[in-house]
Visitor: 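First the structure, then my questions, so here it is.
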There are 2 protein chains.
Amino acid sequence: MDALETGSSLAPSAAQSRIIAAALDLFAHHGVGGTSLQMIADQIGVTKAAVYHQYKTKDEIVLAAAEAELAGLRTVVDAAERERSRKRAREALVAGIVDLAVRRRRTVGTILSDPVIAGFFADHDAFRDVMYRVRRLLIGDDPRAEAGVRTAMLLAAISGAVIHPFVVDLDDDTLHDELLRLARRFLGLPG
Amino acid sequence: MDALETGSSLAPSAAQSRIIAAALDLFAHHGVGGTSLQMIADQIGVTKAAVYHQYKTKDEIVLAAAEAELAGLRTVVDAAERERSRKRAREALVAGIVDLAVRRRRTVGTILSDPVIAGFFADHDAFRDVMYRVRRLLIGDDPRAEAGVRTAMLLAAISGAVIHPFVVDLDDDTLHDELLRLARRFLGLPG
DNA sequence: GTCTATAGTGCGATAGAC
DNA sequence: GTCTATCGCACTATAGAC
């Protein structure tokens, strides 16, 4: 996983964005390990060599795709941290995460839980930093086990529910509203 | 995915159980697509050909592994359906699922959300049957969107929370108790 | 930025001996 | 039930022309 160390925080070019979009779509359907560079190249309509011209290894593509997903979450966290109170920040964060999850309904759930992506999340500073800020906003320095479990459940519930078979028939707006309402209520449960 | 049609509900032999256990462990760490038959064979300490003597294709191994995981859930659903009231059945089901999720903490989350396994779940009658029974117990014939979203969140929260980074430091017993308490409370929220 | 062509590796799967 | 040996194929990755 040497790709983790390369400077890769630059904005992707148009060609790179096409690769990332195709990769995210394929990762969601076949998993990271089940997606080949040939599949990515075919989806865009170019050859493997053209893909390699943009990213030197498959790992770099995985990293770029994961970073593209992370960028959305970072924007939400940035906005939440600008709120004036802890309470308002928490509510803004949850609302933003619900928004994000519904918008990326077809891809995000499968991608977040892919073991290869999870490995990147565990090792890469940019990922750890965002998760640390989420943790600080939602848990703070509450040492009780309940705080950690409650927050883990909330985040898992949001990102997991959007791809659950029980809600496949719901349109995005209905799903969004119910999800936000129930997430708020879960957040405000008496300790 | 022709393996889905073969009669595969027989109890696995000792050799088959070793393959399934190794496969589940590797699937959790590398994903289904990222796990090769060579890796499975190496983990057990045999050759690929020995693995092929038990299962004719990789798909059959994936199916057998998924069925092994499903068996635990089916046992829980069976017990819940024997309860006398709908309310008691729901509570028994949630308690059983929490039990199961914590016990298989290291493997179950990643495996359930793997796109390849999800494909099996969508196509295979045995999987659909169990999910239908879970749905009937937890949602019944409630047509409101809230019922579906709430249930999807509950199930996603349980299976997702056990592998969440926010709870890695918790021991199984503490995690189990907090998870069950919060899941019960979420289940009993006023509509 | 994309192409053709190719090197080298590991894959899923099979045959046949023990 | 496990082994050795092998087939054909798809994979990641590279070289060099346009």
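Order of the sequence lines fixes the chain letters, A, B, ..., with proteins taken first and strands second; residue numbering starts at 1 for each chain.
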Visitor: Between L137(B) and R133(B), is there a side-chain heavy-atom distance shorter than 4.5 Å?
Guide: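 Result no, sub-4.5 Å side-chain heavy-atom pair not found.
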Visitor: Starting from P on dA5(C), measure out to CD on Q38(A) and report it in whole angstrom.
Guide: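 Interatomic distance, CD of Q38(A) to P of dA5(C): 14 Å.
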Visitor: Quickly work out the K58(B) NZ to dG12(C) P distance and round it to whole Å.
Guide: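 Checked: the NZ to P distance equals 5 Å.
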Visitor: Rounded off to whole Å, could you give me the OH-to-P distance for the Y55(B) and dG12(C) pair?
Guide: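 Result: 16 Å.
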Visitor: In whole Å, I'd like the distance from the CG atom of D42(B) to the C1' atom of dG10(C).
Guide: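 After rounding, the reported distance stands at 12 Å.
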Visitor: Given atom CE of M39(A) and atom C1' of dA10(D), what is their separation to the nearest angstrom?
Guide: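 For the pair M39(A) CE and dA10(D) C1', the rounded distance is 12 Å.
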Visitor: Nearest 0.5 Å please: distance from the CD atom of Q38(A) over to the OG1 atom of T47(A).
Guide: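 Answer for the CD-OG1 pair, Q38(A) versus T47(A), is 8.5 Å.
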Visitor: Should H176(B) and D172(B) be marked as a side-chain contact (heavy atoms from CB on, under 4.5 Å) after you check the CA-CA gap, both sets of side-chain angles, and the distance that decides it?
Guide: CA-CA 6 Å; H176(B) 175 277; D172(B) 286 2; over 6 Å; no
Visitor: Round to a whole Å and report the spacing from OH of Y52(B) to C1' of dA17(C).
Guide: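 Distance check: Y52(B) OH to dA17(C) C1' gives 20 Å.
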Visitor: Between L93(B) and V76(B), does the side-chain contact (heavy atoms from CB on, under 4.5 Å) criterion hold? Intermediate values first, please.
Guide: CA-CA 6 Å; L93(B) 181 57; V76(B) 169; 3.9 Å; yes
Visitor: Using atom CD1 of I40(A) as one end and atom P of dA10(D) as the other, report the distance to the nearest whole Å.
Guide: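 To the nearest whole Å, that distance equals 18 Å.
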Visitor: Can any side-chain N or O of H53(A) pair as donor or acceptor with the backbone N or O of A49(A) at less than 3.5 Å?
Guide: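 Not confirmed, H53(A) side chain does not pair with A49(A) backbone.
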Visitor: Measure CD1/I61(A) against P/dC11(D) and give the value in whole Å, please.
Guide: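 These atoms are roughly 13 Å apart.
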Visitor: Could you work out, with side chain to side chain donor-acceptor pair (under 3.5 Å) as the rule, every residue matching R18(B), not counting sequence neighbours?
Guide: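 Listed in chain order: nothing, the list is empty.
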Visitor: Pick out the pairs of N or O atoms, protein on one side and nucleotides 2-6 of chain D on the other, that lie under 3.5 Å.
Guide:
residue, atom, partner, partner atom, Å
dC3(D), OP2, T47(B), N, 2.6
dC3(D), OP2, T47(B), OG1, 3.1

